[in-house]
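One structure is given below, encoded as structure tokens.
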Amino acid sequence: MDYDFLKIEQKWQARWAAGKTFKAETDTTKPKYYVLDMFPYPSGAGLHVGHPLGYIASDIYSRYKRLKGFNVLHPMGYDAFGLPAEQYAIQTGQHPEKTTDINVARYRQQMDRIGFSYDWDREVRTCDPGFYKWTQWAFLKMFDSWYDNAQDKARPISELEAAFASGGSAAVNAASNDAPSFTAEQWRSFSDKEKSDVLMHYRIAYQGESTVNWCPGLGTVLANDEVKDGYSERGGFPVFQKKMIQWQLRVSAYAGRLLDGLDALDWTDSLKEMQRNWIGRSVGAEMVFKVSDGTESYDMTIFTTRADTVFGVTFMVLAPESEWVEKLTTPSQKAAVDAYLDSVKKKTERERIAGKAVTGVFTGSYATNPLTGAQVPVWISEYVLSGYGTGAIMAVPAHDSRDYAFAKKFDLPIIPLIEGADVSEESFDAKEGIMINSGFLNGLTVKEAIPAAIAYVEEHGIGHRKVNYRIRDAIFSRQRYWGEPFPIYYKDGIPTPYPVDKLPLTLPEVDEYKPTDAGEPPLARAKDWTYDGYPLETSTMPGFAGSSAYYLRYMDPHNGEALVSREADDYWRNVDLYIGGTEHATGHLIYSRFWNKFLYDLGYVCEDEPFRKLINQGMIQGRSSFVYRIVGTNKFVSVGLKDSYETTEIHVDISLVRNDRLDIEGFRKWRPEFETAEFVLENGEYICGWAVEKMSKSMYNVVNPDTICDTYGADTLRLYEMFLGPVEQSKPWDTKGIDGVHRFLRKVWRMFYDGDKWLVNDDKATPSELKALHKLIGKEQEDIETFSFNTTVSAFMIAVNELSGCSKREILEPLLILLSPFAPHIAEELWEALGHKQSISFASFPEFNAALTVEDTCTYPVSFNGKTRFTVDLPKSMSREEVETHVRGLEQTAKWVGEQSIVKMIVVPGRIVNVVIK
RNA sequence: GCCUUGGUGGUGGAAUGGUAGACACGAGGGACUUAAAAUCCCUUGGGCAGCAAUGUCCGUGCGGGUUCGAGUCCCGCCCGAGGCACCA
């Protein structure tokens, strides 16, 4: 019997599928464990060898947990709404659903070949009406809720209405955007439309005007995390700032909880830090400045983290989009201001970021410093953002580099406030030093002055302490076809929306997938896109909508009554282990947490956080190969000799290269232009150059997992992807190392079969064989829990080398169980050959016997302060001199920590393993 | 600029403060073969000495420090990767 991996893998994959081996059921007799992969967007290109890295790791962990007695939920699905399918539909007229189905089928086929232990009965697709019904449902719940800052949770909107009716707008402390004030009497006298308009400022899913990232290239708006460096993440089109009315989610209301919740999560520090920065908490004060355009005066509120610097305010700055701009622009300045606003509007987001040129214009109005009474001019500049704080700032050029640059450019005064700070060349931004020129703050350090200043303004009714967050509400409308329709219709025209009460509201057919000629979204093309005769909303939801709660749906995927039943949620609770890329740090992973917290507030789910532990798998990069063509010829020179010629570097398909050696005949056949190619060889071979690059078609470095499965088998692929290095680390794929792990599997096979001869016997294992086995058991348990899968694979190789020639059932049975999470097909095959009727999946992980792994040791006395205090065990193999060195070291250590505090010391060859101190 | 990471042979990478380079690839040599594949064995960080077994010194980005002992801990640099970036 040879190791015929193709036959074996097909056989077991078919068996697992037919027997539903990995079907998860609620089973309260077992502890649950939920292992989740970030579900993929099924793109047309299919999977390359980098995609399954995380899936393999999670599969190994899932299989391991099952062996450890856990009831494991390990599902998979597809994030199936998205731009590429829609762009393709616009070009070809093909319905995106059709493209999606084809791509999904291909993904499934590719995944099946790798032998994953998913429970496919739980598959979800975000574009399936049975699934997006619950996306729409959650949206309506958000529409029907408000955020109570006092209780710090979301509550039904009816409770807000009741509060308004009894106490007016002052009766609540609610998260809102520009909500008007009114009394209870006024509320009661409001018409339905007026009430609806007011409530819109409080809803968690609300419609509101805000500055959005408008991407004309895609014909839609984008969320902040979908914009990278001023270009759309998908498609790379320039993005402009534009004011529009859009559906939004009040994520900002959850900023505090999203931030605090991070502490208890088992995520990497870097990822938590990214979220912290994205949420961006800063503590400061809001302060009121009197402003006047010469005829009328107003109270203008600004936010600052440096309340201590009020004495140094020499001007004020408004964001170009600020509502104050209109009020404070004086007639004489009107033309200049309009010209400035116009120039700002025309800039792309990219130019705005990249330019960093100092620009601005004077409004003509003045503000009064509330502490000094000084009159300072009010300017407009794009360096002030409308979305943050109040969209207006007090400028302290001496101690803020942006204000400084502005002051220099427009020749505004600079007043230093900190002793010894030299502000002639640059501002002094550090929060340290002693205050000067600052009235009652003089003599205090900055750290003392900030709270003192805040206390002062609070006492005098000038302002109050305030915590601000950078995170913005999520723009939730997309002017696209291939997404979830909003279950919203309009009776009286925007903005008086009403919820559709029959879900799902399914996506209508359209004749074309692009916007209408009038610039309306594609859904406006649908015939009869109405509800009860009223027009339906024509935008659709963004990509993150469907992925925000999919992990909950897996718990109970066929439930027609609820997103997830109480029982299923109580049992599975939340995701114990989530594996996926770090690119979702500020998108999906924030939105999901927000979505989950919202559902938690309303009592639909029992856990406040969705993902307990998160592992970010690294990217697998491509390893591109190059040939070097001598300029002006069709002659190619081997990499070692290329420096003697003037050459051009050309990507060559890596399938034509093995161990950096070029298949010259294959190369000639590759493209017609190379048919007559000549070569300058070194040692009779053409050696290619190489570089690590992103895996992509254009660099001819894509490796398809199917190819690896064909030539080496899925077990080899799984093992090799783990062997490449730590799961979290990015690393280049290099096929040349794969022979090593393949060889290892063949070695395992040969422990059972010598040709056709069955080798397994029932002899008793020797102590050293048992030791090798138990070393492996210990190592595997330790490494899997820390996701060091690469060292586990190494441990297997070491164990199999140590056990070479051993074909004892007593050793081989546990060995197969240990191997099964990594290389399940070969393990199952050999397990069956050993005469087992039941699949290895139902076996238990072998018990670990620590005693078997201890080395042979001798006992030596360790003394200090002139007395023998205790003894240590050192290996017999150590020389006298080594022993002396060690014992001396131990004496020093003992002296240092104090003898009484030593409870125990453990020493194995060459090192102190542990010093336990009281 | 700020935050987070990482820097170890020809390559991927091992190493709770305790024999640096496990394991694997590649390379070189050998065995078995008519031959190839497959398999197995030996060598493989660098320098010096030796016919040899072996001995000896130097080595984890750079410079300091703590320690009996530092790839690992502390301080200061340099370089790479990722994220954020007018957030007042």
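Computed from a predicted model, the values in this text were never measured in an experiment. Lettering of chains follows the sequences in order, A, B, ..., and the numbering in each one begins at 1.
Listed by chain and residue number, Leu318(A), Ala319(A), Trp324(A), Val325(A) satisfy the side-chain contact (heavy atoms from CB on, under 4.5 Å) test with Ser322(A) (two or more places apart in sequence, or in another chain). By the side-chain contact (heavy atoms from CB on, under 4.5 Å) test, His742(A) is found to be paired with Tyr3(A), Phe5(A), Tyr712(A), Thr716(A), Arg746(A), residues two or more places apart in sequence or in another chain being considered. Here Phe289(A) pairs with nothing under the ring pair (Phe, Tyr, Trp, His ring centres under 6.0 Å) rule; sequence neighbours left out. Looking at residues two or more places apart in sequence or on another chain, you find a side-chain contact (heavy atoms from CB on, under 4.5 Å) between Glu802(A) and Ala772(A), Lys775(A), Ile798(A). Looking at residues two or more places apart in sequence or on another chain, you find no ring pair (Phe, Tyr, Trp, His ring centres under 6.0 Å) involving Phe752(A). Residues forming a ring pair (Phe, Tyr, Trp, His ring centres under 6.0 Å) with Phe723(A) (at least two apart in sequence, or on another chain): none. Listed by chain and residue number, Asp225(A), Trp278(A) satisfy the side-chain contact (heavy atoms from CB on, under 4.5 Å) test with Thr586(A) (two or more places apart in sequence, or in another chain).
For the P atom pair drawn from rA15(B) and rU66(B), the interatomic distance equals 29 Å after rounding to whole Å. Nucleotides rC58(B) and rG9(B), compared at atom C1', are 15 Å apart to the nearest Å. Atom C1' of rU60(B) sits at a distance of 7 Å from the matching atom of rA20(B), rounded to the whole Å. On the C1' atoms, rG17(B) is 15 Å away from rG65(B), given to the nearest whole Å. rG63(B) and rU11(B): their C1' atoms are spaced 30 Å apart (whole Å). If you take atom C1' in rC41(B) and the same atom in rG46(B), they sit 26 Å apart, rounded to whole Å. The same atom, P, is picked in rA37(B) and in rA31(B); the two are 15 Å apart, to the nearest Å. Comparing the C1' positions of rU19(B) and rC68(B) gives an interatomic distance of 16 Å, to the nearest angstrom.
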Taking only N/O atoms, report every protein-nucleotides 77-84 of chain B pair under 3.5 Å with atom names and distance.
| from | atom 1 | to | atom 2 | distance (Å) |
| --- | --- | --- | --- | --- |
| rC84(B) | O2' | Arg470(A) | NH2 | 3.0 |

What are the atom names and distances for every N/O pair under 3.5 Å that joins the protein to nucleotides 38-42 of chain B?
| from | atom 1 | to | atom 2 | distance (Å) |
| --- | --- | --- | --- | --- |
| rU39(B) | O3' | Arg750(A) | NH2 | 3.2 |
| rC40(B) | OP1 | Arg750(A) | NH2 | 3.3 |

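Within the model, atoms CD1 of Ile738(A) and CD of Glu721(A) stand 8.5 Å from one another, a figure rounded to the nearest 0.5 Å. The structure places OG1 of Thr791(A) at 10.5 Å from CD of Glu780(A), a figure rounded to the nearest 0.5 Å.
Within 4.0 Å (heavy atoms only), Asn468(A) reaches no atom of the nucleic acid at all. Within the nucleic acid shown, Thr268(A) has no heavy atom closer than 4.0 Å to any nucleic acid atom. Here Ile393(A) lies in heavy-atom contact (under 4.0 Å) with a base.
Of all non-hydrogen atoms in Leu614(A) and Trp267(A), the two that sit nearest each other are CB-CD1, 3.4 Å. Among all heavy-atom pairs drawn from Pro370(A) and Ile462(A), the shortest one is CB-CG2, 3.6 Å.
rG7(B) shows a glycosidic angle more than 90° from 0 and is accordingly assigned anti.
The aromatic rings of Phe428(A) and His399(A) stand perpendicular to each other, their planes meeting at an angle above 60°, with 30° marking the opposite boundary. Between His584(A) and His588(A), the ring planes lie perpendicular to each other; the angle is over 60°, past the 30° to 60° tilted range.
Nearest-nucleotide positions on RNA chain B place Gly725(A) closer to the 5' end than the other of Gly725(A) and Ile471(A). Mapping Gly740(A) and Arg472(A) onto RNA chain B by nearest heavy atom places Gly740(A) at the nucleotide closer to the 5' end.
Listed nucleotides: rU4(B), rA88(B), rA27(B). Nearest to the side chain of Arg661(A): rA27(B). Taking the side chain of Glu382(A) as heavy atoms from C-beta on, and the options rA88(B), rC86(B), rA24(B), the nearest nucleotide is rC86(B).
Of the residues in residues 783-794 of chain A, those lying under 4.0 Å from RNA chain B by heavy-atom distance are Asn790(A), Thr791(A), Ser794(A). Taking a 4.0 Å limit (strictly below) on heavy-atom distances, residues 726-736 of chain A reaches RNA chain B at Pro726(A), Gln729(A), Lys731(A), Lys736(A).
Taking a pair as Watson-Crick or G-U with both hydrogen-bonding distances under 3.5 Å, the stems of three or more pairs touching RNA chain B are B:1-7 with B:78-84, B:10-12 with B:23-25, B:26-31 with B:39-44, B:45-49 with B:54-58, B:61-65 with B:73-77.
Rounded to an integer number of Å, the gap from Gln275(A) CD to rC3(B) C1' is 15 Å. Between Met722(A) atom CE and rA24(B) atom C1' there is a gap of 16 Å when expressed in whole angstrom units. Distance CZ (Arg276(A)) to P (rA85(B)): 18 Å, rounded to an integer number of Å. Whole-Å rounding puts the Asp429(A) CG to rA85(B) C1' distance at 15 Å. Here the P atom of nucleotide rU5(B) and the CD atom of Gln617(A) are 19 Å apart, to the nearest Å. One interatomic measurement links the two molecules: NE2 of His742(A) to C1' of rA37(B), which rounds to 13 Å at whole-angstrom precision. The distance from atom CZ of Arg623(A) to atom C1' of rU11(B) is 8 Å, rounded to the nearest whole Å. Rounded to a whole Å, the OH atom of Tyr404(A) is 18 Å from the C1' atom of rA88(B).
OP1 and OP2 of rU5(B) both lie 4.0 Å or more from every side-chain N or O belonging to Asn616(A). Under 4.0 angstrom from either OP1 or OP2 of rA88(B) there lies at least one side-chain N or O belonging to Tyr388(A).
Side-chain rings of Phe406(A) and Phe315(A) approach one another, their centers coming within less than 6.0 Å. Taking the six-membered ring for Trp, Phe789(A) and Phe787(A) have ring centres closer than 6.0 Å.
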Side chain to side chain donor-acceptor pair (under 3.5 Å) between Ser730(A) and Gln621(A), worked out: CA-CA 7 Å; Ser730(A) 286; Gln621(A) 295 131 314; 5.1 Å; no
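The one candidate from Ile708(A), Ile654(A), Leu53(A) that meets the side-chain contact (heavy atoms from CB on, under 4.5 Å) condition with Trp733(A) is Ile708(A).
Looking at Glu273(A) and Arg276(A), a side-chain N of the basic residue comes within less than 4.0 Å of a carboxylate O on the acidic one, giving a salt bridge.
In terms of modelled atom types and a separation under 3.5 Å, the side chain of Thr304(A) and the main chain of Arg306(A) share a donor-acceptor contact.
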